[in-house]
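Just so it is clear, the model here is predicted, and its values are computed rather than measured. Letters A, B, ... are given to chains in the order of the sequence lines, protein chains preceding strands, and every chain is numbered from 1.
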Amino acid sequence: MNSERYNFKTVEPKWQKKWAENRIFSSKIDHSKEKFYCLEMFPYPSGKIHMGHVRNYTIGDVLSRYKTLKGFNVLHPMGWDAFGMPAENAARENNLDPKVWTNKNISTMKEQLKRLGLSIDWEREISTCSEEYYKHQQLFFLELFEKGLVYRKENYVNWDPVDQTVLANEQVIDGKGWRSGAVVERKKLNQWFFNISKFSQELLDGLDKLKQWPNKVKVMQKNWIGKSFGCEIAFKTEGDLPIEEIKCFTTRPDTLFGFSFLALSVDHEISKFYSEDLKFQEFKKECSKTGTTEEAIAIGEKIGFKTNLMAINPLNPSQKVPVFFANFVLMDYGFGAVFGCPAHDQRDYDFAKKYDLNIKTVVRPEEQDDKFIVGKEAYSGSGVIINSEFLNGLRVPEESIIKTIEILEEKNIGKKKINFRLKDWGVSRQRYWGCPIPVAYDENGSVTAIPKKDLPVKLPEKVDLNSKGNPLDFKEDWKNVIINGKKYTRETDTLDTFVCSSWYYLRFCSPQESEYGFKKEEIDYWMPVDQYIGGVEHAILHLLYSRFFMKAIGYKNHNFKFDEPFQGLFTQGMVCHETYKDKNNNWLSPDQIVSDGDKYYKKDEPDNIVKVGPSESMSKSKKNVIDPENIMNSYGADAVRLFILSDSPPEKDVQWSEQGMNASYKFLQKLWTLHNKIKVKIQNNFNLTGSEKNLENFTNQMISKITNNLENFSYNVIIANIYETYNFLNKEIEKEIDSKKLKENYIKILILFSPAIPHFSSECFEDLGYGDKVHWPIANLSFTNKDKIDYVIQINGKKRAILNDNRDIDQESLLLKIKSNKIVAKYIKDKSIDKIIFVKNRLINLLIHE
RNA sequence: GGGCGAGUGGCGGAAUUGGUAGACGCGUUGGUCUUAGGAACCAAUAGUGCAAGCUGUGAAGGUUCGAGUCCUUUCUCGCCUACCA
């Protein structure tokens, strides 16, 4: 008997080499087959892969391998999201070229991914920092520019003083830069914008078509797009400023009779009249301070600055209310002006209380009468309009809003308006390591597109990264360009890296195509992506931008067969690990600690007791990181894959455990021992004994279980199924069993195992004398239905016994049989059976009474 | 404040249409073995009870022959989002 240990160190490289040599993952159009495009979010080449990558790509690999075995023509590519600030920062620190740094990381990470045994078509590898890639991106930019979907405007931007760059609104978290954590400042700059808001409605409607997206993500995008229905109202003003009216957007025009003040953003154009006013400047400063801190938002203190203006209620011209600047009004939503109705909006209520403004109730709850008065908080629920002259009696909100708008439109006071929260996408970045924006300016500052024949606008090499701000600004020989004999200065901003990842899924379809970003024929075959897999942190940004890009490319142009790039989306959870701190509160990594089985100590310091913190997602700052490379060295790729899939459903966070990892490793050893036992049995030529029926039943049930679980992304259950199969076979193999049947079933089982542990399965397969070409087994239903059933016997709805008997027996026979059952007899003795509930092949329930 | 989701053993988690709750793994306990290994193997493991049994899926009600699953109320936790007019 071959009792050697399973040696992943020879087996895994052997198969990886074989797969590469035979190009078994290389993909091409084949119209005779149904295609399946499986895509995982491509990594940023930061240095080495981390456990999150291992999880993400293992999930994708299981799916790809399964679909391939199912007979699909699978496209499973991989590339690199290679532009971005870390490269620039690392290059600056180490005095390197970002390109060199990035390419080195790419080659390291590529080797690591290969060691995981991923079924990737490496012939399609792309890197967004390569000229071959970004030249097409520049062409797309110019196309969108021609279509009017790209424009330039001066705008307040979020300026990250540490990274010296502009951030998109989405990249500002709690008033801080998403990467640097620095408090974001406001700065006015000329910026390039993609007109994503033009597609707000389409992007919203498209969500309904995405049946295979997690609802959570769709809700997040919906909220982000933020459609609201309301009304635009122009309020006439009186005062010593040359202002006649102020426009507001409101979703509650029906509460107009409760008008009590009008509030403006400090950036509202009216603020220009106060630019000399020191008190106003002070107020403005105060606003920018409170606007960012978390406490300020939590407390939500409303502050205002009173202007000399009064606003007139258009429905009641005798009513005049004060106009304030207020800290809670945002310039970039609506018109940067709010009509305040304190009785029915908590925020307005707080403001009115603070400045002692009138609070007039105009909506009463259904169960109250017209004397209802708003008390200690605003009433924003449903009810009936009161104290509002001709609006009185309207039901809130079903008819009041729409009726009021009709009236306002009739009186020419306001008009219906749909407002979106989604803002245009600022794509300019004052950074070197990105895709150059292919435009230039003449001496007057007018924009001209770089001629398409001159693309790509290449990033200059050997720039001085130690200069402040954008190195491209100081690269004079690159900056100055002659187009058609005329002098121009190049745009020195580069594109947000989210632009690069907005179309890479198209590039994978025809990565070598040189004329254009993609070949129509190729995307017609491969697109859309059938299954996209990645972290939920991209639920809004990347996914929304990609959806926009697809629509923008298709706008007035190509006739695509699809309008959504990602048909299926799966968001996997994070990989977590316990955190450790020593007695001095310094973070410790897992390999810095030892345990005596009870407490943890710092290695080599027995008196330094380690505090174990909660399990959190692995991060360098908390040092709770496990390096996949070390783990692969110790346990091999299959064992890692097994573990990363086993402990939690893929959409939830998983807790890394050394013991669990070790168990997966040990399991493969056990499985190898079992394999060798089976091999011996197969060679011994036993004949039919009757027990093979049991094996066939099991195998066919397992085929159907694992297939189902694969279809439902229940990958953790698949691992349980693999263990279950081991447990079953390990017992069964002790019996005498027909060799032919054993082999036939075992082969099917190995195929079931192969998406999760491909090297191991291939090795066993070959060991039995089989080649590579296999198909996913189909469950034979005549076996999945067991001959014997465990019938549940209930008395008055409570389980009292189990009876194992033939399948398909009817109620009468079953009843007859259970009556002789000791336990049942005890219960029904001296009692009458009132009713029998019989579920075929499942249970019988006897209802009895005294 | 708003939105979404989840509560099942010591732990991670299983459980088609309502139909044997706790699959599978970890951990723990007991045992066997000695090529002392990253051991392996066997058995037990929701609680309680000697047992038959009783109790058990955050809590309280309800529907049903039957509820982890459906309905109502409620509590707790997690995630996302935030002055959106």
Side-chain angles (χ1 to χ4, degrees), chain A residues 5 173-174 214-220 222-224 226-228 230-231 248-252 263 265 290-291 294 296-302 326-330 332-341 345-348 350-351 419-421 536-537 539-540 573 615 634-635 642-643 646-649 651-655 657-667 669-670 673 704-705 708-709 712 714 716-727 730 790-802 823 826 834-839 841-848:
Chain A
R5 290 171 72 76
I173 296 152
D174 294 335
N215 197 46
K216 180 176 61 169
V217 174
K218 289 195 274 189
V219 169
M220 282 164 81
K222 195 179 164 200
N223 291 341
W224 192 259
K227 181 179 181 175
S228 52
C231 176
C248 293
F249 172 73
T250 178
T251 55
R252 290 302 303 274
S265 159
T290 54
E294 272 180 72
I297 292 171
I299 297 163
E301 203 198 349
K302 312 286 180 276
N327 64 337
F328 59 85
V329 185
L330 306 171
D332 47 13
Y333 186 81
F335 297 98
V338 175
F339 110 77
C341 174
D345 180 298
Q346 191 56 41
R347 189 194 45 198
D348 295 348
D350 296 342
F351 190 80
N419 204 42
F420 291 95
R421 183 179 169 274
V536 73
E537 66 272 20
I540 299 169
S615 184
S634 308
Y635 300 104
L642 201 56
F643 173 68
S646 68
D647 262 21
S648 293
E651 70 276 12
K652 286 179 67 180
D653 288 354
V654 65
Q655 159 104 19
S657 121
E658 197 69 33
Q659 282 160 329
M661 181 61 247
N662 198 37
S664 296
Y665 173 79
K666 289 195 291 194
F667 175 71
Q669 295 297 344
K670 282 159 63 171
T673 308
S704 112
K705 271 193 199 175
N708 254 326
N709 289 329
N712 297 326
S714 301
N716 57 325
V717 186
I718 288 171
I719 306 307
N721 293 150
I722 291 176
Y723 277 92
E724 226 179 297
T725 306
Y726 167 84
N727 292 341
N730 205 34
D790 281 335
Y791 288 93
V792 179
I793 300 156
Q794 296 181 337
I795 310 286
N796 287 339
K798 277 205 157 197
K799 183 191 85 179
R800 292 299 175 187
I802 300 287
I823 301 162
K826 192 183 93 185
D834 297 338
K835 197 179 170 187
I836 298 168
I837 287 132
F838 175 75
V839 183
N841 291 328
R842 192 157 289 178
L843 63 77
I844 185 162
N845 185 5
L846 308 181
L847 303 187
I848 57 175

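- Rounded to a whole angstrom, the distance from the C1' atom of B:rG78 to that of B:rG18 is 28 Å.
- Within the 4.0 Å cut-off from OP1 or OP2 of B:rG1, not a single side-chain nitrogen or oxygen of A:Lys302 is found.
- Rounded to a whole Å, the CG atom of A:Asp653 is 13 Å from the P atom of B:rG12.
- Phosphate proximity of B:rG18 to A:Arg842: absent, as no side-chain N or O sits under 4.0 Å from OP1 or OP2.
- Comparing B:rC26 with B:rA44, their P atoms sit 16 Å apart, to the nearest whole Å.
- Put simply, CE on A:Met661 and CG on A:Leu642 are 7.5 Å apart, with the number rounded to the nearest 0.5 Å.
- Using a 4.0 Å heavy-atom criterion, one finds that A:Leu330 contacts the bases of the nucleic acid, with or without backbone contacts as well.
- In B:rG66 the O4'-C1'-N dihedral to the base is more than 90° from 0, which defines an anti nucleotide.
- Take A:Ala539 and apply the side chain to side chain contact (heavy atoms under 4.5 Å, CB included) test, not counting sequence neighbours, and it matches A:Val217, A:Met220, A:Val536.
- Distance from the side chain of A:Val338 is smallest for B:rA85 among the nucleotides B:rC83, B:rA85, B:rG3.
- Side-chain atoms of A:Glu658 and A:Asn662 form no donor-acceptor pair, as typed in the model, at a separation below 3.5 Å.
- The OH-C1' distance, from A:Tyr665 to B:rG37, rounds to 11 Å in whole Å.
- Atoms CZ (A:Phe335) and C1' (B:rC84) sit 14 Å apart, rounded to a whole Å.
- A:Ile540 places its CD1 atom 12 Å from the C1' atom of B:rC4, with the value rounded to the nearest Å.
- The salt bridge (Lys or Arg N to Asp or Glu O under 4.0 Å) search around A:Arg800 returns none, not counting sequence neighbours.
- Going from atom OH of A:Tyr726 over to atom OG1 of A:Thr673 covers 7.0 Å, rounded to the nearest 0.5 Å.
- Distance A:Asp332 CG to B:rC83 C1': 13 Å, rounded to the nearest Å.
- Between the CZ atom of A:Arg347 and the C1' atom of B:rG2 there is a distance of 13 Å, given to the nearest Å.
- For the ring pair (Phe, Tyr, Trp, His ring centres under 6.0 Å) test, no residue two or more places apart in sequence or in another chain qualifies with A:Tyr333.
- Here, B:rA59 and B:rA67 have their P atoms 15 Å apart, quoted to the whole Å.
- Checked by atom type, the side-chain pair A:Asp647/A:Asn716 shows no donor-acceptor distance below 3.5 Å.
- Closest to the A:Leu847 side chain, of the nucleotides B:rC65, B:rA85, B:rG13, is B:rC65.
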_Under 4.0 Å protein heavy-atom contact, by nucleotide of nucleotides 22-30 of chain B - B base, S sugar-phosphate only_ = -BSSSS---
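- Listed by chain and residue number, nothing satisfies the side-chain hydrogen bond (donor to acceptor under 3.5 Å, both in side chains) test with A:Asp653 (two or more places apart in sequence, or in another chain).
- Straight-line distance between the C1' atoms of B:rU45 and B:rC24: roughly 15 Å, to the nearest whole Å.
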What pairs of nitrogen or oxygen atoms, one from the protein and one from nucleotides 34-36 of chain B, lie under 3.5 Å apart?
none

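- Both A:Ser634 and A:Asn730 sit near RNA chain B, but only A:Ser634 has its closest nucleotide nearer the 5' end.
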*Start with the C-alpha distance between A:Asn721 and A:Asn709, add both sets of side-chain angles, then the distance that settles side-chain contact (heavy atoms from CB on, under 4.5 Å), and finish with yes or no.*
CA-CA 9 Å; A:Asn721 293 150; A:Asn709 289 329; 2.8 Å; yes
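- Here A:Thr251 pairs with A:Ser228, A:Phe249 under the side chain to side chain contact (heavy atoms under 4.5 Å, CB included) rule; sequence neighbours left out.
- Comparing B:rA39 with B:rU29, their P atoms sit 16 Å apart, to the nearest whole Å.
- Closest-nucleotide positions on RNA chain B for A:Ser228 and A:Glu651 were compared, and the one nearer the 5' end corresponds to A:Glu651.
- For A:Arg347, the salt bridge (Lys or Arg N to Asp or Glu O under 4.0 Å) partners are A:Asp345, not counting sequence neighbours.
- Dashed line: the shortest gap from a side-chain N or O of A:Lys799 to OP1 or OP2 of B:rA21 is under 4.0 Å.
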*Which dot-bracket string fits RNA chain B when only Watson-Crick or G-U wobble pairs with both atom distances under 3.5 Å count, crossing pairs get [ ], and | stands for a partner on a different strand?*
(((((((..(((......[....)))((((((.......))))))(((....)))..(((((..]....))))))))))))....
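- The side chain of A:Thr250 approaches B:rA85 more closely than any other nucleotide in the set B:rG19, B:rA14, B:rA85.
- Using a 4.0 Å heavy-atom criterion, one finds that A:Ser714 contacts no nucleic acid atom at all.
- Taking atom CD of residue A:Gln346 and atom P of nucleotide B:rG2, one finds them 11 Å apart after rounding to whole Å.
- Annotation: salt bridge (Lys or Arg N to Asp or Glu O under 4.0 Å) contacts of A:Lys705 (sequence neighbours excluded): A:Glu724.
- No hydrogens or angles were tested; on distance alone, nothing pairs the side chain of A:Lys216 with the base of B:rC79 as donor and acceptor under 3.5 Å.
- When the C1' atom is used for both B:rC4 and B:rA85, the distance is 24 Å, rounded to whole Å.
- Counting any heavy atom pair closer than 4.0 Å across all strands shown, A:Val654 reaches no nucleic acid atom.
- Under the rule for a side-chain hydrogen bond (donor to acceptor under 3.5 Å, both in side chains), A:Lys666 has no partner lying at least two apart in sequence or in another chain.
- Summarising the geometry, the separation between CG on A:Asn662 and P on B:rG12 is reported as 21 Å, rounded to the nearest angstrom.
- The same atom, P, is picked in B:rG5 and in B:rU57; the two are 24 Å apart, to the nearest Å.
- Rounded to the nearest Å, the gap between the C1' atom of B:rG9 and that of B:rU28 is 12 Å.
- Residues satisfying the side-chain hydrogen bond (donor to acceptor under 3.5 Å, both in side chains) criterion with A:Ser657, sequence neighbours excluded, are absent altogether.
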